[in-house]
Novice: 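The structure's right below; bear with me while I get my questions together.
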Amino acid sequence: MSDLRISIPVRDYNLAATLTSGQAFRWQRRGESWEGVIYDRWVRLQQNAESLVAETAEPVTDWHWLTHYLQTDIDFKSIIRAFPQDEPMRASVAACRGLRLLRQDPWECLASFILSSTKQIVQIQQIVSALCKCFGYPVAVPNGHEFQYAFPTATQIAIASEAALRACKMGFRAPNLLATAKMVANGEIDLQALATQDCETARIGLVQLPGVGGKIANCVLLFAYGFQTAFPVDVWVRKALLRLYFPRRRPSPQRLLNFTRTYFGPNSGYAQQYLFHYMRTHTRPRRIKSVEKALRAQAK
DNA sequence: CACCAGGGTACCT
DNA sequence: AGGTACCATGGT
């Protein structure tokens with residue numbers, strides 16, 4: 001039996017936090033619901049009291065692709081039970097309880113994070129949107145709905161020109177995305193095979209790609225392959241770690257890395273995502289005009 | 001309007 | 001090993 005609609009019962013699920021926490025870049029809020037594209041399917045999601053309601057544009061018989069993406073079947077309580085019992089983690093979980101790590105397509109995740117370097121999340125969304133529109137296949141949408149596009153395949157990117165990619169406003173990231181797309185398209189790296197490897201081996205495979213260093217590799221390991229100990233450290237997480245756990249003296253990069261590997265336990269990747277989202281939503285850089293003005297005057 | 005953003009890399013001590 | 005300039009773009 002196939003249907004255009006499904007209701008997924010959930011507990012401890014925070015859809016808004018999950019979709020806005022900088023893991024995926026294709027979700028748009030429309031009133032009370034969220035619209036996006038997963039693989040080659042347009043999807044509209046809405047959270048109700050005890051369920052997520054999903055709508056598609058074409059009939060679906062097996063919804064596993066969706067529940068797997070949303071990670072609705074995991075044991076949430078056992079995840080946060082393994083977090084360190086300290087004040088920063090307690091505050092982070094209290095602020096966005098139910099935030100989940102998604103399980104995304106490796107290529108889309110990899111390509112998106114190559115485009116993420118020194119970009120704000122809003123801008124990454126804009127670049128990815130332009131990229132899909134320029135290079136991706138159109139997908140089925142409801143009658144009268146604006147056109148939507150699948151994330152372009154590695155081959156679709158690989159045969160593009162660097163100039164065409166730069167037209168999507170990705171700047172100096174264009175050659176990296178192009179070179180990586182070529183390596184994926186011609187089989188120089190097998191993204192599917194990484195799923196069968198252990199975390200460290202998969203990381204070695206990823207960082208050989210142009211434009212992929214430790215941080216981006218960890219994002220892909222965590223958001224696409226589900227390695228729960230991968231711990232991406234971006235500017236926000238670094239700020240959080242220094243402020244919350246090293247208020248006196250700043251540790252060397254190596255010591256900070258060791259700390260992230262030992263302190264946060266078997267679900268450290270999840271803990272990282274809660275810290276990231278907490279920092280971004282609760283410590284907005286509040287700028288005080290008079291102070292800025294004084295600083296500028298002082299600089300002269 | 002300066003400052004900064006889910007960084008990586010080459011090149012420098 | 002650890003620091004630094006540079007890359008391109010636009011949000012705040």
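What's counted below: heavy atoms across the whole structure, side chains too, no hydrogens, waters or symmetry copies. Each chain gets a letter, A, B and so on, in the order the sequences are listed, and its residues count up from 1. Since this is a predicted model, take the numbers as computed values, not measurements.
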Novice: So what does Val233(A) touch, heavy atoms closer than 4.0 Å: a base, only the sugar-phosphate, or nothing?
Specialist: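 Nothing, no nucleic acid heavy atom in range.
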Novice: Would you tell me if any nitrogen or oxygen in the side chain of Lys239(A) comes within less than 4.0 Å of OP1 or OP2 on dC4(B)?
Specialist: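 For dC4(B), neither OP1 nor OP2 has a side-chain N or O of Lys239(A) closer than 4.0 Å.
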Novice: Report yes if the ring of Trp236(A) lies under 5.5 Å from the six-membered base ring of dG6(B) with planes under 30°, and no otherwise.
Specialist: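 Ring-base stacking flag not set for Trp236(A) and dG6(B).
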Novice: Check DNA chain C against residues 93-124 of chain A and give the residues with a non-hydrogen atom under 4.0 Å, in numerical order.
Specialist: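 Output list: Thr118(A), Lys119(A), Gln120(A), Gln123(A).
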Novice: State the dot-bracket string of DNA chain C. Criteria: Watson-Crick or G-U wobble, both atom distances under 3.5 angstrom; notation: ( ) intrastrand, [ ] crossing earlier pairs, | interstrand, . unpaired.
Specialist: |||||||.||||
Novice: For Gly211(A), answer base if it contacts any base atom (sugar-phosphate contacts may also be present), sugar-phosphate if it contacts only those atoms, and nothing otherwise; contact means non-hydrogen atoms under 4.0 Å.
Specialist: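 Answer is sugar-phosphate: Gly211(A) comes under 4.0 Å of backbone atoms only.
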Novice: If you find the nucleotide of DNA chain B closest to Gly213(A) and the one closest to Arg173(A), which residue's nucleotide is nearer the 5' end?
Specialist: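 Per heavy-atom nearest nucleotide, the more 5' residue is Arg173(A).
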Novice: Taking only the P atom of each, what is the distance from dG2(C) to dG6(B) in whole angstrom?
Specialist: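 One P to the other, the span is 26 Å.
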Novice: Need one value for Phe223(A): base, sugar-phosphate or nothing, where a base atom within 4.0 Å counts as base even if backbone is also close, heavy atoms only.
Specialist: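 It contacts base atoms.
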Novice: A side-chain contact here means heavy atoms from C-beta on lying under 4.5 Å apart; do Phe25(A) and Ile127(A) qualify?
Specialist: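 Counting from C-beta outward, Phe25(A) and Ile127(A) never come under 4.5 Å.
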Novice: If I take atom CG in residue Leu206(A) and atom P in nucleotide dG7(B), what distance separates them, rounded to the nearest angstrom?
Specialist: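 The distance from CG of Leu206(A) to P of dG7(B) comes to 17 Å, rounded to the nearest Å.
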Novice: Let me confirm one number: the CD-CD distance from Gln125(A) to Gln120(A), rounded to the nearest 0.5 Å.
Specialist: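 Rounded to the nearest 0.5 Å, the CD-CD separation comes out at 11.0 Å.
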Novice: Can you tell me how far CH2 of Trp42(A) sits from CD of Glu35(A), rounded to the nearest 0.5 angstrom?
Specialist: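 If I round to the nearest 0.5 Å, the distance is 5.0 Å.
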Novice: If you check every side-chain atom of Lys169(A), which of dG7(B), dT9(C), dG6(B) has the closest atom?
Specialist: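 Output: dT9(C).
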Novice: Once you round it to whole Å, what is the distance between P of dG11(C) and CZ of Arg280(A)?
Specialist: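 After rounding, the gap between these two atoms is 15 Å.
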Novice: If you compare all heavy atoms of Lys77(A) against all heavy atoms of Asp12(A), which two are closest, and at what distance to 0.1 Å?
Specialist: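 Nearest pair, atom of Lys77(A) first, then Asp12(A): NZ-OD2, 2.9 Å.
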Novice: Distance between the C1' atoms of dC1(B) and dG10(C), in whole angstroms?
Specialist: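 My reading of the C1' atoms in dC1(B) and dG10(C) gives 13 Å.
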Novice: Contact class for Gln125(A) (heavy atom, under 4.0 Å): base, sugar-phosphate, or nothing?
Specialist: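 If one applies the 4.0 Å heavy-atom cut-off, Gln125(A) turns out to touch nothing in the nucleic acid.
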Novice: Expressed as a whole number of angstroms, how long is the span from Phe172(A):CZ to dA5(B):P?
Specialist: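 Between P of dA5(B) and CZ of Phe172(A): 13 Å.
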Novice: I need the CG-C1' distance between Leu257(A) and dG7(B), as an integer number of Å.
Specialist: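 Whole-Å distance recorded here is 15 Å.
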